Participant: 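One structure, pasted below without further comment.
Counting from 1, the numbers follow the sequence of the chain as shown. The model shown is predicted, which means the values in this text are computed figures rather than measured ones.
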Amino acid sequence: MASTPSSPKEHHFVDIHPVLSDDSDNLNRLRDSQSSDTTVNFRAGGDGEGRERRLQRNVWTFSRQIHLESGIGMFDVEKKGSVEGESSGNARGKSLGGAGATGGDAGHRKGYFDMFRTKSALGAKQNSLMPSWKENEPDPDNAEGIPGSAGADDRVNKSVPAGRYFAALRGPELDQVREYEDILLPKDEVWPFLLRFPVGCFGICLGLGSQAILWGALSSSPAMAFLRVSPNINLALWVLALAILVSVSVAYTLKCVFYFEAIRREYFHPVRVNFFFAPWIACMFLAIGVPPRWAPRHLHPAIWCGFIAPVFVLELKVYGQWLSGGKRRLCKVANPSSHLSVVGNFVGAILAAKVGWGEAGKFLWAIGLAHYLCLFVTLYQRLTTSQALPKELHPVYSMFIATPSAASIAWHAIYGEFDAVSRTFYFIALFLYCSLVVRINFFRGFKFSVAWWSYTFPMTTASLAAIRYAEEVTCFFSKGLALSLSLMSSTIVSLMLVSTLLHAFVWRSLFPNDLAIAITKDRSDGAKAQDKEKKASKKNYGLKRWAKQSSLSLVSSIRRGHSGDKDLK
């Protein structure tokens, strides 16, 4: 093997023959050329035909993929420039999957998203590749010091503590990652649609389903007969709500099939766990607001059993966590969206009365009342141990209206009259409604989110309670109040529908990357460094304050000594 020396900026041509020599000088020169800034062209030839291959100075970076079923780590080796590698390593708030996602090919990008794929599907697909991992990939046991290798199993396939969500996320819905936090998926590219599809999309079904009930009540209520509302509006809204519910349910079912790990993270999220009640509440809304021309006199009890069973199972889990006093106790995870887990009881009580099972309705109403009192007191006091309530106000606070309004309607549905109990809860909801309306300026300046739909149906339930009250207390004020609340609710839902269509089809920003599900299980180095800086600043401040106090005490003691000497004189 022969080589021709040249300057650092010239090309080196090395002929590689079938029989390689043992010339150590050439090997050392080749090794030196690769470590310098020169560009080396290799020409391999057998019968006179050769090919050139260009190598540049690169830094090898490693990223790790975790097999969710077997727990075996798989490493991806990738070349990146030294300048880029240094800048990405020192950046805070980075993505642990960003290096492979931006610099690699489609296979690398798909590998990072596979971390959240369903275990069975991923295992069936990759079991045949396990021998190739052992032959071609680095040894996971000797991967110390490689970025992303330590603790990767814990980052993906173990539940994230509730306190970790509060520490890593911010915003009214805990959907924004703090600047110093790292995530498992790349931030700088669009994720698959199913990973970006949150459980909060069922809020659209809640808003439209409750509107169908409202317009059905406006068309059939004797107190609102002067409006002459057509029943066709109720029919159109009911069909639209049914179509949206079917579409959202199909999409989320596909997410459960392909990305079940993302579903698990949403379930452990202290805010989104309450949205798992939303699909069943939306189904009960559709059963209650079915158009009169299609509705029988009494619905079949199997409908109530099918819709209330998942709600009851979720309540046993969630309420048990509130009661047990663990890391997910009520004072730690309470937030306004927790009202969704209580509203399901009252909506189920309304449906139970509609199918003719009054005792079952009373049972659910009692459960809802007990937990509503605990939740209301916890949120109203804003305990110092609760970190779920953000400082900024948001439409999420309209959830305070939903529970007392639903309790008022449920009592009327069970007992058939709007008596003192129904009026008590109605007046509570009315006062909370007024307390939020007078602070309308606090609800401005927030980015639109699909989760806002869940905060539209509380206004609709308040309107329905006002209509029932106007039927019992017939006067100009009660009718005017019911009409005003109904118009306000319908206006808000219409604006939400227009905003959703614009973000979905015009601006295409309805489903951004769901960063909340991609946080790491443990705190990142940036967060720890920030804590150390805070502790250091506090320590320095304490030392300065101590030194200041010590100097003042020294001066005062000297003055007292001088004054004592004067007295002796």
Side-chain angles (χ1 to χ4, degrees), residues 193-194 197-220 229-257 275-311 340 343-344 346-348 350-355 402 406 409 413 450-461 463-464 486 489-490 492-501 503-505 510-511:
F193 171 74
L194 294 179
F197 193 81
V199 68
C201 292
F202 285 102
I204 303 176
C205 310
L206 291 176
L208 294 177
S210 59
Q211 279 293 302
I213 300 176
L214 174 62
W215 284 93
L218 290 174
S219 62
S220 60
V229 176
S230 174
N232 294 328
I233 301 178
N234 164 254
L235 176 62
L237 288 174
W238 191 87
V239 172
L240 178 61
L242 178 62
I244 296 297
L245 178 60
V246 172
S247 302
V248 174
S249 300
V250 169
Y252 205 74
T253 302
L254 293 176
K255 183 177 180 179
C256 293
V257 172
F275 285 91
F276 282 88
F277 293 89
W280 312 108
I281 298 175
C283 291
M284 289 189 283
F285 277 163
L286 292 179
I288 296 171
V290 63
R293 67 181 66 179
W294 296 345
R297 184 175 180 180
H298 289 288
L299 296 177
H300 197 277
I303 297 176
W304 178 82
C305 294
F307 294 155
I308 202 62
V311 174
L340 273 174
V343 169
F346 297 117
V347 178
I350 298 173
L351 184 58
K354 200 172 182 63
V355 301
I409 300 172
V450 71
W452 282 32
W453 272 98
S454 299
Y455 316 134
T456 58
F457 86 93
M459 301 180 183
T460 307
T461 54
S463 304
L464 288 169
S486 300
S489 173
S490 299
I492 295 297
V493 171
S494 300
L495 291 176
M496 293 294 299
L497 182 60
V498 172
S499 300
T500 302
L501 294 177
H503 281 82
F505 300 105
L510 185 61
F511 300 112

Participant: Over all heavy atoms of both residues, which pair between His300 and Val355 is shortest? Give the atoms and the distance, please.
Facilitator: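 So the two residues come closest at O-CG1, 3.9 Å.
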
Participant: Please test Leu206 against Leu340 for side-chain contact (heavy atoms from CB on, under 4.5 Å), starting from the C-alpha separation and ending with a verdict.
Facilitator: CA-CA 11 Å; Leu206 291 176; Leu340 273 174; 4.0 Å; yes

Participant: For a quick test of reading the model, state the closest non-hydrogen atom pair linking Gly209 to Ala241 and the distance between them.
Facilitator: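 Smallest heavy-atom distance, with atoms named: N-CB, 3.8 Å.
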
Participant: Quick one: pull up SG in Cys205 and CZ in Phe285 and give me the separation to the nearest 0.5 Å.
Facilitator: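 Going from SG on Cys205 over to CZ on Phe285, the span is 11.0 Å.
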
Participant: Anything under 30° is parallel, anything over 60° is perpendicular, the rest tilted; go ahead and classify Phe197 against Tyr252.
Facilitator: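 It falls in the tilted class, 30° to 60°.
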
Participant: For the atom pair CD1 (Ile204) and CG (Leu497), what is the distance rounded to the nearest 0.5 Å?
Facilitator: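 One finds 8.5 Å between CD1 of Ile204 and CG of Leu497.
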
Participant: Residues two or more places apart in sequence or in another chain: which of them pass side-chain hydrogen bond (donor to acceptor under 3.5 Å, both in side chains) with Ser489?
Facilitator: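 Scan of Ser489 (side-chain hydrogen bond (donor to acceptor under 3.5 Å, both in side chains), adjacent residues dropped) gives Gln211, Thr460.
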
Participant: Give, for atom CG of Leu464 and atom CD1 of Ile350, the distance between the pair rounded to the nearest 0.5 Å.
Facilitator: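 Between atom CG of Leu464 and atom CD1 of Ile350 there are 8.5 Å.
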
Participant: So how far is it from Leu510 CG to Cys201 SG, rounded to the nearest 0.5 Å?
Facilitator: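 If I round to the nearest 0.5 Å, the distance is 6.5 Å.
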
Participant: Minimum heavy-atom separation for Ser486 and Ser463, please, with both atom names.
Facilitator: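 Looking at all heavy atoms of both residues, the closest pair is N-OG, 3.5 Å.
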
Participant: Give the C-alpha distance, both sets of side-chain angles, the deciding distance and a yes or no for side-chain contact (heavy atoms from CB on, under 4.5 Å) between Val229 and Trp215.
Facilitator: CA-CA 8 Å; Val229 176; Trp215 284 93; 3.5 Å; yes

Participant: After noting the C-alpha distance and the side-chain angles of Val450 and Thr500, does the key distance pass the side-chain contact (heavy atoms from CB on, under 4.5 Å) rule?
Facilitator: CA-CA 7 Å; Val450 71; Thr500 302; 5.5 Å; no

Participant: Sequence neighbours left out, cut at 3.5 Å: what donor-acceptor pairs do the side chains of residues 276-284 make with other protein atoms?
Facilitator:
none

Participant: Please answer whether the main-chain N or O of Phe202 pairs with a side-chain N or O of Trp453 as donor and acceptor at a distance below 3.5 Å.
Facilitator: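 Side chain of Trp453 to backbone of Phe202, a donor-acceptor pair under 3.5 Å: no, none is there.
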
Participant: Can you name the closest pair of heavy atoms from Gly348 and Trp304 and give their distance?
Facilitator: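 Reported closest heavy-atom pair: O-NE1, 3.0 Å.
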
Participant: On a heavy-atom basis, which atom in Leu351 and which in Ala287 lie closest, and how many Å separate them?
Facilitator: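 Result for this residue pair: CD1-CB, 3.9 Å.
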
Participant: Provide the closest heavy-atom pair for Asn234 versus Gly289 in the form atom of the first, atom of the second, distance.
Facilitator: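 Smallest interatomic distance, heavy atoms only, reads ND2-O, 3.5 Å.
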
Participant: Could you state the interatomic distance from OG (Ser490) to CG (Leu218), rounded to the nearest 0.5 Å?
Facilitator: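 Atom-to-atom, Ser490:OG and Leu218:CG are 7.0 Å apart.
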
Participant: Should Val347 and Ile288 be marked as a side-chain contact (heavy atoms from CB on, under 4.5 Å) after you check the CA-CA gap, both sets of side-chain angles, and the distance that decides it?
Facilitator: CA-CA 9 Å; Val347 178; Ile288 296 171; 4.1 Å; yes

Participant: Hey, are the side chains of Ser210 and Thr456 touching, using non-hydrogen atoms and a 4.5 Å cut-off?
Facilitator: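 Not touching, per the 4.5 Å side-chain cut-off.
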
Participant: So, Trp452 versus Ser499: side-chain donor-acceptor pair below 3.5 Å or not?
Facilitator: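 Absent: no donor and acceptor within the cut-off.
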
Participant: Show me the side-chain donor-acceptor pairs of residues 243-250 shorter than 3.5 Å, one per line, residues at least two apart or across chains.
Facilitator:
from: Ser247; atom 1: OG; to: Ala243; atom 2: O; distance (Å): 2.9
from: Ser249; atom 1: OG; to: Leu245; atom 2: O; distance (Å): 2.7

Participant: Just verifying a value: how many Å separate Leu237 CG and Leu286 CG, rounded to the nearest 0.5 Å?
Facilitator: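 Rounded to the nearest 0.5 Å, the CG-CG separation comes to 11.0 Å.
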
